[in-house]
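Indexing begins at 1, ligand by ligand and atom by atom, following the structure's order.
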Amino acid sequence: MEVEVNALGGYEEVGRNMTAVRVNGDVVIIDMGIRLDRIAIHEDAEIEKMHPIDLIKMEAIPNDAALSQSRSSVKAIICTHGHLDHIGAVPKLAHRYEAPIMSTPFTAELIAQQIRVEKKFGVENPLYTLEAGQIYQITPDIAVEFVRATHSIPDPIIAVLHTPVGALVYANDFKLDRTPVIGKPPDFTRMKSLGKEGVLALIVESTRVREEGKTPSERIAKDLVRDVLLGTEENDKGVLVTTFSSHIARVKTIFEAAEEMDRRPLILGRSMERYLGTAERMGYVELPNDIGIYGNKRSVDKMLRRVIEEGKEKYLPIITGHQGENESTLTRIAGEQTPYQITPGDKIVFSAEVIPTPINAANRYALETKLKMRGARLYTNVHVSGHAAREDHWELIKILKPSHIFPTHGDLTMTSSYVELAEEAGYSLRDNIHLLRNGQNISVGP
Ligand SMILES: [Zn+2]
């Protein structure tokens, strides 16, 4: 008996992750993501109303044609965490399969929100929630186990499929963070025992495998943010901070710093409101009593007017727009479309890296130029990544000792760089490292 790994999305790009694993005729899908930069180049695209055929043509969602003959064989859809490049295609593709969607509670809530805004399809797949540490028997031959991981969003897991021919480990995305700001460190004890029991295959992200060394802990990001916000004698200026809305740990660090700066934290922007509200409701984060949260444009602008009236030095707005996205709060402030006037000396803190696509780079360039023209002082890349770097990947290989490795979540420069790393660890291309392109599959056995 063998296990067949089908690469459906994410094997040629950063984004639209989707893998199907076939065991004895039954299929389990892992992740169902979207690729946002392909949406961004079609400015008038209203994804909620679009058909999957058009989105597949745009290369915005995975092409699941390889499963068209065996849709009824799909027994489960597993989503590893709540980033859109892992759940964003659920509203467009999940209804094709009569299978439950399995994820941790935070991810499940974000999936439910995605499904609610979908206009084209009624997605009725049941949502099953599993906690890290739990195992669920999907078919007599396949069980899924959730292993606690760390990343840049609450409640991420490494998924393990137990099959009659061995375990298949899916680590996409992850970092090895021993001191996360929210949640617990990865479950190294379980990972080590999986390595001892024997791992048939590892499907693993390669987004940052070209970065040398290890990715610093989120605790280091906390120090960086605090150093910028608290480490200054110039306390009377306006300060705006922007970061990833779903990065709840980072937002927590920022609003805690606001309390120490004696400024009132404000959460401004639609996606900020949605993610932070969800995290608070579900108990992942506790908010200070004086925090203000405003999502829609009108209430954001009303609050910004109040900031100007009462004094910029009394507030710390945490806002959307670190990639220079259209309609985000920071982009609107830079374009003088809000009551908040940037004056010389105001500080803008980017607690995020520029996502390396030409569109983001262009938007960010325009944004930074406008801000500088108004006299703003910029602090960029006050950030550490949520993705494993080269030596973290080395460590994971050494812990799990997989018989086969499938690098994913990257373009060819990233996946081939992972191949080089695996060769340093004693693996060899085609023998036991498999470089799949979208639409290809390979079967492996013990
Ligand atoms: Zn992710």
Side-chain angles (χ1 to χ4, degrees), residues 8-19 29-39 60-62 77-90 101-111 113-114 132 146-159 169-177 180-183 186 202-211 215-218 221 243-251 271 274-275 278-279 284 322-323 351-357 360 383-389 392-393 396 407-411 414-415 418:
L8 300 178
Y11 289 77
E12 297 177 17
E13 65 266 294
V14 175
R16 62 164 180 162
N17 290 285
M18 183 165 169
T19 300
I29 290 172
I30 314 180
D31 285 338
M32 213 173 243
I34 202 161
R35 182 179 175 184
L36 286 174
D37 60 322
R38 285 300 155 104
I39 306 284
I61 63 171
I77 299 165
I78 295 160
C79 290
T80 54
H81 63 285
H83 282 150
L84 287 174
D85 51 347
H86 297 257
I87 66 166
V90 165
I101 301 169
M102 300 179 183
S103 68
T104 56
F106 189 69
T107 310
E109 175 55 31
L110 296 180
I111 292 170
Q113 291 175 9
Q114 288 285 310
F146 280 10
V147 176
R148 192 174 65 239
T150 43
H151 188 35
S152 45
I153 188 166
D155 232 3
I157 52 104
I158 289 174
V169 178
Y170 180 98
N172 177 27
D173 303 325
F174 77 102
K175 72 188 277 190
L176 299 178
D177 190 343
V181 165
I182 285 182
L202 169 66
I203 300 173
V204 61
E205 67 150 304
S206 54
T207 312
R208 285 187 88 249
V209 71
R210 292 173 299 172
E211 301 289 325
T215 299
S217 165
E218 183 60 22
T243 190
F244 299 94
S245 304
S246 58
H247 202 326
I248 306 301
R250 188 68 53 78
V251 176
S271 62
R274 181 165 71 87
Y275 283 106
T278 303
Y284 290 90
H322 51 89
Q323 303 299 316
S351 189
E353 83 264 82
V354 184
I355 297 168
T357 71
N360 285 318
H383 179 67
V384 304
S385 173
H387 295 273
D392 303 308
H393 282 295
L396 189 71
T408 183
H409 206 183
D411 59 30
M414 298 167 187
T415 52
Y418 192 100

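The Zn ion (ligand 1) has D173 among its coordinating residues (N/O/S atom, backbone or side chain, under 2.8 Å). When distances to the Zn ion (ligand 1) are checked against a cut-off of 2.8 Å, H81 contributes an N, O or S atom below that limit. Distance check for H86 against the Zn ion (ligand 1): none of its N/O/S atoms falls below 2.8 Å.
Taking the six-membered ring where tryptophan is involved, the planes of H83 and H81 are perpendicular, since the angle between them exceeds 60° and thus also 30°.
R16 contributes a side-chain N or O that, together with a main-chain N or O of I61, makes up a donor-acceptor pair within less than 3.5 Å. With hydrogens and angles disregarded, a donor-acceptor distance shorter than 3.5 Å links the side chain of T215 to the backbone of H387.
H83 has its closest N, O or S atom to the Zn ion (ligand 1) at the position named ND1.
Ring centers of F174 and H393: under 6.0 Å apart, within the cut-off.
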